[in-house]
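Take a look at the structure set out below.
Proteins get letters first, then strands, A, B, ... in listed order; numbering begins at 1 in each. As the structure is a computational prediction, the values presented were derived from the model and not from experiment.
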Amino acid sequence: MAKPKEKNSELMEKIVSLCKRRGFIFQSSEIYGGINGFWDYGPYGAELKKNVKDYWWRCMTRHRDDVVGIDATIIMHPKVWEASGHTTTFSDPMSDCLLTKKRFRSDQIDPQDGQVYFYSGARESLSGKCLNEPFSVLLGEGKNPGSAEKVARQYYESRGLTDPELILDRTEKVLGSTGYNPENGAQLTEPRAFNLMFKTYVGPVQDEKNVAYLRPETAQAIFTNFRNVQEVSRQKVPFGIAQIGKAFRNEINPRNFTFRSREFEQMELEFFIKPDSVVGADADKEPVDIGSPAADWGWSQWHKYWVEQRLRWYESIGLQRSTLELYYQKKEDLAHYAKATVDILYKFPFGTEELEGIAARGDYDLTQHQNHSGKPMDYFDDEAKVKYVPHVIEPSAGVDRLVLALICNAYAEDEVVDDKGKSETRTLLRFHPRVAPIKVAILPLLKNRPEIVAKAKAVQQMIQPFMSVFYDESGAIGRRYRRQDEVGTPFCVTIDFETLGEGDDAGLKETVTLRERDSMQQRRMAIADLLPYLIQQIN
RNA sequence: GCGAGUGUAGCUCAGUUGGUAGAGCAUCACCUUGCCAAGGUGAAUGUCGUGAGUUCGAGCCUCAUCACUCGCUCCA
């Protein structure tokens with residue numbers, strides 16, 4: 001099994017290298033040695049990411065009657081995070097075993113009773129070298145005292161002493177201690193808080209009263225704005241509020257390129273629905289048509305609907321269903337308030353990992369904010385003539401993860417055989433035209449023919465207002481095609497003598513060669529048809 | 001956070017037992033080139049991750065630090 005893994009990490013290295021080389025993704029603050037968990041997007045990466053966000057926004061808000069968008073601040077009132085539960089759940093106390101270095105969540109260690117052996121240090125019997133480092137071991141009831149000594153000796157050996165003689169300070173009976181490794185009795189470090197939220201201070205004075213946090217998710221601003229938005233948009237439940245924005249988490253260990261970053265961007269929708277009791281929904285009933293919402297849908301049907309909507313969306317930007325996996329979170333793993341959560345995973349080279357989570361969260365969030373703020377979050381339903389706190393379905397996607405998935409998915413190495421029969425590798429990114437950073441490259445066949453160059457520039461100017469265009473006149477035409485392949489440009493347009501009406505076939509005047517990236521096929525197209533064709537391809 | 005590994009030009013890497021740095025590709029200019037890269041000529045490029053130490057002298061040795069990769073851990 002080691003072999004495919006190695007192959008995958010090689011693939012990942014090639015992708016990372018391409019990202020750097022062609023200007024998709026750079027390490028943040030690189031000239032200062034970089035900073036762990038932060039990444040920048042270069043020219044092509046920024047275009048790609050922007051295309052992804054724009055397309056999500058278009059599909060989720062503008063193309064729908066029942067979703068509106070907001071754009072909220074990153075820093076919010078600290079009570080927001082108390083209500084959401086992040087202040088408590090995002091700071092787990094952790095302790096490490098001094099001997100094995102294994103890490104424990106302090107609140108999950110079973111309390112133990114027994115005798116604690118306190119050592120003040122140890123000395124080497126041969127050299128007399130002394131180490132005055134205190135260490136203690138908890139000996140469970142009815143255990144051989146020798147085992148405590150054994151653990152202590154191992155500890156001092158790990159600190160560089162050979163054949164250490166223990167210096168016992170004292171022993172003490174304890175009850176319900178969580179300060180020792182339940183597996184070997186070795187002392188744990190003091191619990192340290194692992195606060196996953198970035199802390200900052202509002203105002204110039206750094207006082208505990210001014211503490212605020214950078215949001216760990218964008219969703220909470222949707223809940224806090226629920227009443228405002230519902231009123232001004234004149235939306236009726238069911239309806240949704242969408243938002244795209246930065247979020248921050250002090251990840252313990254950022255990994256896998258941009259996949260787990262400390263600063264990242266989310267695309268979140270909170271879709272508010274009527275409680276099942278109001279519509280008389282049966283959670284076990286399958287929706288008749290998963291694509292068309294019905295009046296009697298409850299949380300279960302809406303949840304399935306959004307999973308399907310999101311899958312279709314991923315397909316529409318080139319992530320085939322075969323590259324995705326659905327993970328239905330197990331009951332015991334669900335947060336206590338969640339009714340169901342489905343993760344959409346992508347098969348990355350480094351493993352199958354989450355792109356988006358679609359959670360049915362009941363009325364937990366609005367109720368929490370209602371309780372903490374004292375402001376009503378309920379909604380009067382004109383049709384049903386009842387008041388209720390809406391329930392919510394939350395499709396929450398990571399933009400940076402998706403961008404990385406799109407790059408991984410697009411990366412391909414083709415074997416191409418040239419006319420001399422020599423085979424070579426063609427590296428390309430098969431981006432869907434919708435997300436490709438450059439839509440079309442304009443290439444004059446020869447750069448030393450002013451008429452061709454002038455015509456190419458005219459074509460460029462015609463297209464430029466409508467999409468990202470790249471003009472390139474340097475080097476052989478084949479090389480320029482390959483350069484575009486490597487950044488995923490779906491179309492190349494070449495201007496030649498025929499375009500000018502100077503070729504053998506005068507009928508080709510005002511036509512260009514349109515070369516398609518994936519098939520490398522070329523065809524002749526009238527300049528007049530070019531723009532409508534391209535616009536249709538990228539929308 | 002722990003353990004192991006890596007860090008030399010934009011990228012991939014070479015650099016002998018310590019003697020003030022090289023290749024290929026890429027880039028730029030000019031020429032060439034009539035549709036799938038790597039033809040010619042020329043040019044630019046690095047405080048060898050960063051900081052300290054040992055040394056007459058460090059890319060090479062020592063320590064620290066930062067970043068990346070892998071494994072553990074973590075992942076509301």
Nearest to the [X] side chain among [options], which nucleotide is it?
{"X": "L446(A)", "options": "rA37(B), rG10(B), rU33(B)", "answer": "rU33(B)"}
{"X": "R255(A)", "options": "rA67(B), rU27(B), rC70(B)", "answer": "rC70(B)"}
{"X": "N253(A)", "options": "rC35(B), rA37(B), rG71(B)", "answer": "rG71(B)"}

Rounded to whole angstrom, note down the [atom1] distance from [N] over to [M].
{"N": "rA14(B)", "M": "rC25(B)", "atom1": "C1'", "answer": "14 Å"}
{"N": "rG46(B)", "M": "rA21(B)", "atom1": "C1'", "answer": "9 Å"}
{"N": "rA64(B)", "M": "rA26(B)", "atom1": "C1'", "answer": "36 Å"}
{"N": "rA9(B)", "M": "rC48(B)", "atom1": "C1'", "answer": "10 Å"}
{"N": "rC31(B)", "M": "rC68(B)", "atom1": "C1'", "answer": "43 Å"}
{"N": "rG7(B)", "M": "rU62(B)", "atom1": "P", "answer": "14 Å"}
{"N": "rU65(B)", "M": "rU73(B)", "atom1": "C1'", "answer": "23 Å"}
{"N": "rG19(B)", "M": "rU6(B)", "atom1": "C1'", "answer": "27 Å"}

May I have the distance from [X] (atom [atom1]) to [N] (atom [atom2]), rounded to whole angstrom?
{"X": "L508(A)", "N": "rC35(B)", "atom1": "CG", "atom2": "P", "answer": "15 Å"}
{"X": "I31(A)", "N": "rC66(B)", "atom1": "CD1", "atom2": "P", "answer": "19 Å"}
{"X": "D414(A)", "N": "rA37(B)", "atom1": "CG", "atom2": "C1'", "answer": "14 Å"}
{"X": "L500(A)", "N": "rG34(B)", "atom1": "CG", "atom2": "P", "answer": "15 Å"}
{"X": "E473(A)", "N": "rC28(B)", "atom1": "CD", "atom2": "C1'", "answer": "13 Å"}
{"X": "F257(A)", "N": "rU69(B)", "atom1": "CZ", "atom2": "P", "answer": "9 Å"}
{"X": "H86(A)", "N": "rC75(B)", "atom1": "NE2", "atom2": "P", "answer": "14 Å"}
{"X": "R260(A)", "N": "rC74(B)", "atom1": "CZ", "atom2": "C1'", "answer": "8 Å"}

Using a 4.0 Å heavy-atom cut-off, does [X] contact any base of the nucleic acid, only the sugar-phosphate backbone, or nothing at all?
{"X": "G37(A)", "answer": "sugar-phosphate"}
{"X": "I477(A)", "answer": "sugar-phosphate"}
{"X": "E498(A)", "answer": "base"}
{"X": "Q27(A)", "answer": "sugar-phosphate"}
{"X": "T425(A)", "answer": "base"}
{"X": "N256(A)", "answer": "sugar-phosphate"}
{"X": "N36(A)", "answer": "sugar-phosphate"}
{"X": "S17(A)", "answer": "sugar-phosphate"}
{"X": "R515(A)", "answer": "base"}
{"X": "R479(A)", "answer": "sugar-phosphate"}

Identified pairing partner of [N], criterion: Watson-Crick or G-U wobble below 3.5 Å:
{"N": "rU17(B)", "value": "none"}
{"N": "rG7(B)", "value": "rC66(B)"}
{"N": "rC72(B)", "value": "rG1(B)"}
{"N": "rU33(B)", "value": "none"}
{"N": "rU27(B)", "value": "rA43(B)"}
{"N": "rC60(B)", "value": "none"}

Among L406(A), L429(A), L428(A), which residue meets the side-chain contact (heavy atoms from CB on, under 4.5 Å) test with Y411(A)?
-> L429(A)
Check the surroundings of atom CG in D504(A): do more than 12 heavy atoms from other residues, nucleotides or ligands lie under 6.0 Å from it?
-> no
Residue Q521(A) excluded, over 12 heavy atoms near CD under 6.0 Å | no
Taking OP1 and OP2 of [N], is either one under 4.0 Å from a side-chain nitrogen or oxygen of [X]?
{"X": "R21(A)", "N": "rC11(B)", "answer": "no"}
{"X": "R22(A)", "N": "rC11(B)", "answer": "no"}
{"X": "N448(A)", "N": "rC31(B)", "answer": "no"}

Using centres under 5.5 Å plus planes under 30 degrees as the test, is F497(A) stacked with rG34(B)?
-> yes
Tell me yes or no: between the side chains of [X] and [Y], is some donor less than 3.5 Å from an acceptor?
{"X": "D400(A)", "Y": "Y41(A)", "answer": "yes"}
{"X": "Q368(A)", "Y": "Y337(A)", "answer": "no"}
{"X": "R524(A)", "Y": "T513(A)", "answer": "yes"}

Side chain [X] and base [N] donor-acceptor under 3.5 Å:
{"X": "Q522(A)", "N": "rC35(B)", "result": "yes"}
{"X": "Y481(A)", "N": "rC35(B)", "result": "yes"}
{"X": "D496(A)", "N": "rG34(B)", "result": "no"}

Closest nucleotide of RNA chain B for F264(A) versus for A476(A): which of these residues is on the 5' side?
-> A476(A)
So which one's nearest nucleotide on RNA chain B is more toward 5', E30(A) or E217(A)?
-> E30(A)
Test item: F223(A) and Y364(A) side chains (from C-beta on) under 4.5 Å apart, heavy atoms | no
Within the distance-only criterion (no hydrogens, no angle test), does the side chain of S468(A) pair as donor or acceptor with the backbone N or O of P437(A) below 3.5 angstrom?
-> yes
F348(A) and Y346(A) aromatic centres sub-6.0 Å = yes
